[in-house]
Amino acid sequence: MVETDFYELLQVSREADERTIKSAYRRLAMECHPDRNGGCPDAEAKFKAINEAYDCLKDPQKRAAYDRFGHAGVRNGGAGGFGGAQDFGSFSDIFENIFGEFMNGGHGDPRSNALRGSDLRYDLEIRLEDAYGGRQVELQIDSTVQCRPCGGSGAKAGTAARGCTMCGGRGKVRASQGFFVVERTCPGCRGMGEVIADPCDSCRGEGRVEKRKSLQVNIPPGVDEGTRIRLSGEGEAGVRGGPAGDLYIFIHLARHDIFQRDGTTLFARCPISFTTAALGGSIEVPGLDRQKHEVRIPAGIQSGKQIKVRGAGMPVLNGRGMGDMVIQLEVETPTRLTARQKELLEEFRATETGDECPASKGFFQKLKAAWEGLTDG
């Protein structure tokens with residue numbers, strides 16, 4: 001038996017992308033559907049062949065197996081591992097279909113079979129200041145929305161969808177597999193339970209159209225890198241009036257010139273003069289709250305020491321309280337001294353006893369002892 005190439009059936013090239021294959025399938029399925037051809041056996045056979053080809057090529061794994069091994073790669077367990085898996089779906093689908101029939105009595109509203117829209121992801125980068133105080137942003141989202149001319153039904157104005165003759169409006173068909181009777185999605189209506197003989201010109205029977213929409217989103221104070229915000233029902237519109245998906249916004253923080261963040265704690269490096277480090281004093285550090293926070297410097301502080309300013313950090317997301325701000329001091333050595341400053345420093349050096357810098361004195365004592373040990377040996 002000579003089997004027709006799947007790409008030839010869908011009238012696409014082997015390099016065709018997913019969108020091209022899907023578009024070709026929709027066009028051919030509409031042309032060859034049995035309900036539109038008066039139950040012609042040839043049209044029904046071609047319709048089934050088109051569905052089989054699309055079922056294979058829409059799946060990346062099945063398509064790869066088909067490209068490498070041909071029809072043998074997707075049959076007899078070649079792609080699914082279980083013979084006939086491409087027709088009956090996964091084991092979870094089988095059990096869902098079997099027990100689903102007992103629960104609903106084998107009847108249901110075709111509208112309940114409408115496909116839910118896909119969820120969408122949007123990556124949003126904001127400033128640290130916006131993460132601190134929160135803000136409202138406007139997003140432009142490329143998505144699908146309900147078709148206005150047909151109201152999401154997919155049928156041309158003045159017409160309506162009718163029950164699928166292949167599945168009797170149930171959206172599923174039965175098939176025998178040994179001792180088991182299982183159900184699978186009806187290939188005639190793709191599980192919708194209805195067939196549109198005269199589709200809407202705007203959406204071509206989908207009940208939705210592509211459109212860029214604008215959304216106002218509130219960013220709450222305290223969001224962090226990777227925070228996810230869910231907007232229910234703002235994803236893609238469902239097929240033929242199905243429920244819309246959700247929109248997930250993932251927050252990313254732009255790098256800040258001064259602060260680094262770890263949870264609710266803010267870190268900043270602050271240079272101080274060596275006289276302030278030696279004699280002590282105070283400095284003012286501006287925070288993200290637009291307030292100046294006074295930081296007292298104890299006399300004799302060393303470079304790299306940290307001072308904590310409580311309550312000056314980031315707010316707790318969806319909670320109460322504030323984190324802390326940690327200031328790491330960096331003692332700055334002057335590079336441009338006046339003659340008078342050099343004179344004063346020389347006087348200071350002349351009066352040094354070594355006790356002013358105990359760490360330095362201890363280091364040189366250890367170094368001297370180590371040197372003497374080497375010379376004695």
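Heavy atoms from other residues, nucleotides or ligands lying under 6.0 Å from NZ of K292 number 12 at most. The local environment of CD in E347 is crowded, with over 12 non-hydrogen atoms from other residues, nucleotides or ligands closer than 6.0 Å. Atom CD of E210 has 12 or fewer neighbouring heavy atoms from other residues, nucleotides or ligands inside a 6.0 Å radius. Within 6.0 Å of the CD atom in Q260, the count of heavy atoms belonging to other residues, nucleotides or ligands does not exceed 12. For E330, the CD atom sits in a packed shell: over 12 heavy atoms of surrounding residues, nucleotides or ligands are nearer than 6.0 Å. Within a 6.0 Å sphere centred on CD of E31, other residues, nucleotides and ligands contribute more than 12 heavy atoms. Other residues, nucleotides and ligands contribute more than 12 heavy atoms inside 6.0 Å of the CZ atom of R27.
Salt bridge status for E194 with R240: absent, with no side-chain N to carboxylate O gap under 4.0 Å. The pair D123-R121 meets the salt-bridge criterion, with a side-chain N (NZ, NE, NH1 or NH2) lying under 4.0 Å from an Asp/Glu carboxylate O. In summary, R116 and D246 engage in a salt bridge, as defined by a charged side-chain N under 4.0 Å from a carboxylate O. A salt bridge between K48 and E52 is absent, with no side-chain N of the basic residue lying under 4.0 Å from a carboxylate O of the acidic one.
Here the side chain of K46 pairs no donor or acceptor atom with the backbone of L28 at under 3.5 angstrom. Here the side chain of D59 pairs no donor or acceptor atom with the backbone of D55 at under 3.5 angstrom. With Q306 contributing its side chain and G304 its backbone, the two residues share no donor-acceptor pair below 3.5 Å. R208 places no side-chain N or O within donor-acceptor distance of the main-chain N or O of T144, the cut-off being under 3.5 Å. Between the side chain of D142 and the backbone N or O of R212, no donor-acceptor pair lies under 3.5 Å.
For the pair P334 and T275, the minimum side-chain heavy-atom distance is 4.5 Å or more. For the pair Y132/P315, a side-chain contact is recorded, criterion being any heavy-atom separation below 4.5 Å from C-beta on. For the pair V145 and V209, the minimum side-chain heavy-atom distance is below 4.5 Å. Side-chain contact check for K172 versus C167: every heavy-atom pair is 4.5 Å or farther apart. The shortest side-chain heavy-atom distance between K213 and S143 falls under the 4.5 Å cut-off. Taking 4.5 Å as the limit, every side-chain heavy atom of D130 sits out of range of all side-chain heavy atoms of V137. Taking the side chain as every heavy atom from C-beta outward, D262 and V326 never approach each other to under 4.5 Å.
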*Go through L317 and D224 one step at a time and tell me if the side-chain contact (heavy atoms from CB on, under 4.5 Å) criterion holds.*
CA-CA 9 Å; L317 178 63; D224 201 349; over 6 Å; no

*When you look at V309 and V285, which way does the side-chain contact (heavy atoms from CB on, under 4.5 Å) test go after all the steps?*
CA-CA 10 Å; V309 182; V285 178; over 6 Å; no

*Walk me through it: do K156 and D201 pass the test side-chain contact (heavy atoms from CB on, under 4.5 Å)?*
CA-CA 7 Å; K156 184 177 291 187; D201 294 331; 3.7 Å; yes

*Passes salt bridge (charged side-chain N to carboxylate O under 4.0 Å, His left out), R261 versus E225? Steps please.*
CA-CA 10 Å; R261 178 180 180 178; E225 177 72 27; over 6 Å; no

*Please assess F259 against M325 for the test side-chain contact (heavy atoms from CB on, under 4.5 Å), listing each intermediate value before the final yes or no.*
CA-CA 9 Å; F259 294 106; M325 179 168 59; 3.4 Å; yes

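G152 approaches Q146 most closely through the heavy-atom pair CA-CG, 3.6 Å. When all heavy atoms of R162 and A197 are compared, the closest pair comes out as NH2-CB, 4.2 Å. Q140 and S214 get closest at one heavy-atom pair: NE2-OG, 3.4 Å. Nearest approach of G207 to C150, heavy atoms of both residues: CA-SG, 4.2 Å. Nearest heavy-atom pair across L253 and A131 is CD2-CB, 3.8 Å. When all heavy atoms are compared, the tightest approach of R63 to E15 is NH2-C, 4.2 Å.
Here CG of L247 is found 7.5 Å from CG of L139. Values are rounded to the nearest 0.5 Å. To the nearest 0.5 Å, atoms CZ (R148) and SG (C203) are separated by 14.0 Å. Between F274 atom CZ and S303 atom OG the span is 14.0 Å, to the nearest 0.5 Å. Atoms OG1 and CG, from T338 and L344 in turn, are 8.0 Å apart once rounded to the nearest 0.5 Å. Rounding to the nearest 0.5 Å gives a distance of 8.5 Å between CG of L266 and CE of M322. Y248 contributes atom OH, which lies 10.5 Å from atom CG of L120 (distance to the nearest 0.5 angstrom).
For the residue pair D17 and T20, a side-chain donor N or O sits within less than 3.5 Å of a side-chain acceptor on the partner.
L345 and L279 fall into different hydrophobic clusters, where Ile, Leu, Val, Met, Phe, Trp and Tyr side chains are chained together by heavy-atom contacts under 4.5 Å. M192 and M166 fall into different hydrophobic clusters, defined by Ile, Leu, Val, Met, Phe, Trp and Tyr side-chain heavy atoms under 4.5 Å apart, directly or through other members. By the rule that hydrophobic residues join a cluster once side-chain heavy atoms approach within less than 4.5 Å of another member, V331 and L337 end up as members of one cluster. Residues M314 and I229 are members of one and the same hydrophobic cluster, defined by side-chain heavy-atom contacts under 4.5 angstrom among Ile, Leu, Val, Met, Phe, Trp and Tyr. Linking ILVMFWY side-chain heavy atoms closer than 4.5 Å, directly or via other members, places L231 and L124 in a single hydrophobic cluster.
Scanning for ring pair (Phe, Tyr, Trp, His ring centres under 6.0 Å) contacts around H293 gives an empty result, with sequence neighbours left out. With sequence neighbours excluded, the residues satisfying side-chain hydrogen bond (donor to acceptor under 3.5 Å, both in side chains) with T276 are S273. Contacts of D67 classified as salt bridge (charged side-chain N to carboxylate O under 4.0 Å, His left out), with partners at least two apart in sequence or in another chain: R14.
Classified by interplanar angle (parallel below 30°, tilted 30° to 60°, perpendicular above 60°), the ring pair Y54/Y25 is parallel.
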